[in-house]
Peer 1: 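The structure is given below, and queries will be raised subsequently.
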Amino acid sequence: MKKSIYSLLRGTFLVSEDSFKNWKVIFFLSALALVMIASSHSLDKKVYEIAKLNNQVKELRSELYDGRTRLMQLKMESSVVKKMKEKGLAPSVIPPKKIIIKPES
């Protein structure tokens, strides 16, 4: 047990005669670690992009509601009457008449 710990600490398993097998495993594990690091960075980048897009959606949604509110206020009869008074127009005091056309048979 002591010899295996000393050989591990000294690195003799890397320079011994059958060390080629050990190097294969070390290279494989190193490549695997690099792939894992790259995929985690890619995932982080995607998470930040999703958060940014969610914020944009919230901003655009609030702009939509703000625009709808302003449109509803502009379409109100009182605001239309006020705008028309500025231009010199007033609502009619004579009520509209219904025109009925009877078909000729």
Peer 1: Could you tell me whether a side-chain N or O of Ser42 sits under 3.5 Å from a main-chain N or O of Ala38, the two making a donor and an acceptor?
Peer 2: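 Not a single qualifying donor-acceptor pair exists.
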Peer 1: Is there any salt bridge (charged side-chain N to carboxylate O under 4.0 Å, His left out) pair reaching into residues 64-73, and which pairs are they, with sequence neighbours excluded?
Peer 2: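 Listed once each, the pairs are Asp66-Arg70.
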Peer 1: Can you sort out the partners of Met76 under side chain to side chain contact (heavy atoms under 4.5 Å, CB included), two or more places apart, ordered by chain and number?
Peer 2: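 With sequence neighbours excluded, Met76 shows a side chain to side chain contact (heavy atoms under 4.5 Å, CB included) to Ser78, Ser79, given in chain and number order.
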Peer 1: Tell me who clusters with Ile99, hydrophobic residues only, linked when side chains sit under 4.5 Å apart either directly or through other members.
Peer 2: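 Traced through the cluster, Ile99 reaches Ile101.
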Peer 1: Would you name the heavy atoms of Val80 and Leu74 that are closest together and state the gap between them?
Peer 2: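 Distance-wise, the nearest heavy atoms are CG2-O, 3.6 Å.
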Peer 1: Just distance, no hydrogens or angles: give the donor-acceptor pairs under 3.5 Å from side chains in residues 44-65, sequence neighbours left out.
Peer 2:
{"from": "Asn54", "atom 1": "ND2", "to": "Ile50", "atom 2": "O", "distance (Å)": "3.4"}
{"from": "Ser62", "atom 1": "OG", "to": "Glu59", "atom 2": "O", "distance (Å)": "2.7"}

Peer 1: Extract all donor-acceptor atom pairs below 3.5 Å that involve side chains of residues 83-95 and protein atoms in other chains or at least two apart in sequence.
Peer 2:
{"from": "Ser92", "atom 1": "OG", "to": "Ile94", "atom 2": "N", "distance (Å)": "3.3"}
{"from": "Ser92", "atom 1": "OG", "to": "Ile94", "atom 2": "O", "distance (Å)": "3.1"}

Peer 1: Working to the nearest 0.5 Å, report the span between CG of Leu29 and CG of Leu34.
Peer 2: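 So the CG of Leu29 and the CG of Leu34 are separated by 11.0 Å.
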